[in-house]
*Asks:* 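This structure is in structure tokens; I'll ask about it shortly.
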Amino acid sequence: MSGVAPPDPPQVRVSVGVTGHRQAHRGYAANHAKIEAVMADILDMITKASKKTSLPFGPEALAPTRLHTLLVDGTDQVAAHLAIKRDWEVINPLPFGKNLNLAINALPENANDARTLLADGRAKDPATNQRAEEIRAISEQAHMFELADQDEKISALFLAKLDAPNDFAKAQAFEQESARRAALAGQILIEQSDLIIAVWDGESTANIGGTGYTVAKALDLGSPVIWVDPQSPEDWQILYSSESLAAHSQRSNARDRNTTLVQIVTNILAPGDTPKGGLPAFLDEKWHDKSARLTHAFRRVEAMFDGGGRPFRKLVQRYEKPDEIASGSGAELLNVTKSLPFSDPELPAKIDSMAMQNFAWADGISSRLSDHYRGGMIFNFILSAFAIVGGVLYLPLVSPEQKWIFALFEFLLLLGIVIITFRGQKYRWHGRWFETRRVAEYFRHSPLLLILGAARAPGQWLQGTETSWPEWYVRQSLRSIGLPKARITAPYLRSTLAALLECHVVQQRDYHSDKSKRLKAVHHNLDRLSEFLFGLAVLSVAIYLLLKGASAFDLVDSAIVLKLSKTFTVLGVLFPTFGAAVAGIRYFGDFERFAAISEVTAEKLNAIHNRASLLLEAPDSALDYGRVTALVHAADEVVTSEIENWQAVFGGKNITVPV
């Protein structure tokens, strides 16, 4: 045991996304003052509810609320100004690079002004220049995440449209490409936000990248949406699913929606469950540098039956300490992060402290709990078999008067089972293993998501059967990092994609492929051993019956048969008892199903590997943010799927007496 301290807990915050109509929208323009007042009230309610929530790490852990917006005129800019007044952090995920985004959203009417704005100059048209200055003013007080990987292509389409204002085809080409980029930025906004505020007329969700499209996408991803209708902003509603759009005429009263909003904020800032051994215990665990030999029973079974040829090899695991991971297993990925062009210089340190160190801590704790839980159950099976055999072993060895010695032996073994089971249940080995393993696996893949500004949307996290604090803790830890101040370019994407292959996909694919083969062998060999023991049981009983029959015909001395009867009784108990114990270990370990899970996981990761390899061969012009992020999300989904399958197998197997 050492004095290794856990990573610092995260500051907790609410992250809000805002989308809505432009200033020129008819409904927005008619009621912009009311809309602004309603939005101000909603932001104030969020602030008030945040300050009143009891936080797991104390009130000093509350961080400023974040507001994500695409910085378009109208709703976005109003929300940004309101947030700045309240000392919120303003984050702008931009569909384009900073200059191109400004040029497009300043709405220039001629190509000359557009070219000037692209060069960070000042437009001649006063209205255009005013719109540009409003964007610049907010940009100076916010930080931006720029999707600039397709700027050259989009800029050419933008200027071509302005150079030929009557050419419908050129206008359409620009609108389609820019809408697709807006949809990507909208996806980032949704993923980085805990709830969405949308000023929307409710008319259509078909316009890609538009407000209605973003609302529908957010609801599909499980994000609650505060819908403000510009025609009647005071009657705002809270929506939870895309189906609620079909019944949006049903208005809730102000008291109910205010209460609901407070509850949403409370759920964001504090986990909904605090079981014994939950979040407080996770951060108060005692660190051990290596595994304990007495708890290796489960892994020893794997070593003995995996066909590797070294059944008694050393199994001691040394756990990587949180403060060592940056120079150890995480060094390669951190070096990639540091070398990314136009990257946030603070990002590597944040990934180390809030993602990698949390992974190392959770992984070490979880591995030890796994040994305790699974090793304890293996001991229970083995002790149970020895207790049964020990209880009858006196028959051929001693007189009945000395049976107490064997009864005492049986009692001590049964007492050992009770103690192991009691400790396992008291200290929640099973539950804590599940919880800490979920934490570790979420953090394992998170650095690549963080580099790309991607995240799991609120509705995409797993739901634990008894606890949800692991998801809450990981989400708040990653939220504390948030979107990097980065400019996404083709070289940035290429480096990230290569890191996905080298630092995650290949390693995990090969690990699961090897694991699948080993577990199949373990299952097969345990199956053969239990069948062999069962065969010996049948054989021993058959031999006894043959001897008994032979004695009836005076072919064998009946005295000899009588003398051997107790030995055969013991054998008749020993072989099926140990055969049942082996079968119980095989059932408990579920090696065959885990092998199948790992095999499927390896196949999925191999498919991602092939896709990523193809994309790496593509020219920079084809290497866009959407394609790369889709692959990173796909790898993340493989992790989620494996956790779900793994929990389904071991979920009901709490530590218990083997009866």
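Values below: every heavy atom of this structure, side chains too, minus hydrogens, waters and symmetry copies. Note that this is a predicted model, so its numbers are computed, not measured. Numbers here simply count residues along the sequence, with the first being 1.
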*Asks:* Is any NZ, NE, NH1 or NH2 atom of the basic residue among E285 and R368 found under 4.0 Å from an Asp or Glu carboxylate oxygen of the other?
*Replies:*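 No, E285 and R368 are not salt-bridged.
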
*Asks:* Between E346 and K350, is the closest basic N to carboxylate O distance under 4.0 Å?
*Replies:* yes

*Asks:* Is any side-chain heavy atom of S367 less than 4.5 Å from a side-chain heavy atom of Q317?
*Replies:*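 Counting from C-beta outward, S367 and Q317 do come under 4.5 Å.
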
*Asks:* Specify the closest pair of heavy atoms between S353 and N358, including all atoms of both residues, with the distance to one decimal.
*Replies:*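 Looks like O-ND2, 4.2 Å.
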
*Asks:* In terms of the angle between their ring planes, are W361 and W287 parallel, tilted or perpendicular, with boundaries placed at 30° and 60°?
*Replies:* parallel

*Asks:* Looking only at heavy atoms, what is the nearest atom pair of I91 and L483, with distance?
*Replies:*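 Closest pair (atom of I91, atom of L483, distance): CG2-CD1, 3.7 Å.
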
*Asks:* For the pair E441 and R444, find out whether any cationic side-chain nitrogen is under 4.0 Å from an anionic carboxylate oxygen.
*Replies:* yes

*Asks:* Under 3.5 Å, is there a donor-acceptor pair between the side chain of D306 and the main chain of G308?
*Replies:*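 Here the side-chain-to-backbone pair exists.
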
*Asks:* Is the backbone N or O of H512 less than 3.5 Å from a side-chain atom of S516, with the two atoms forming a donor-acceptor pair by type?
*Replies:* no

*Asks:* Do the charged groups of K520 and E599 touch, with an N to O distance under 4.0 Å?
*Replies:* yes

*Asks:* Using distance only, find each side-chain donor-acceptor pair of residues 497-507 under 3.5 Å and give its atom names and separation, not counting sequence neighbours.
*Replies:*
from, atom 1, to, atom 2, distance (Å)
H504, NE2, H445, ND1, 3.3
Q507, NE2, E502, O, 3.3

*Asks:* Heavy atoms, side chains only, cut-off 4.5 Å: are F298 and F588 in contact?
*Replies:* yes

*Asks:* Tell me whether S327 contacts the main-chain N or O of E324 through its side chain, where contact means a donor paired with an acceptor under 3.5 Å.
*Replies:* yes

*Asks:* Which heavy atom of E60 sits nearest a heavy atom of Q11, and at what distance?
*Replies:* O-NE2, 3.9 Å

*Asks:* Angle between ring planes, F57 versus W472, binned at 30° and 60°: parallel, tilted or perpendicular?
*Replies:* tilted

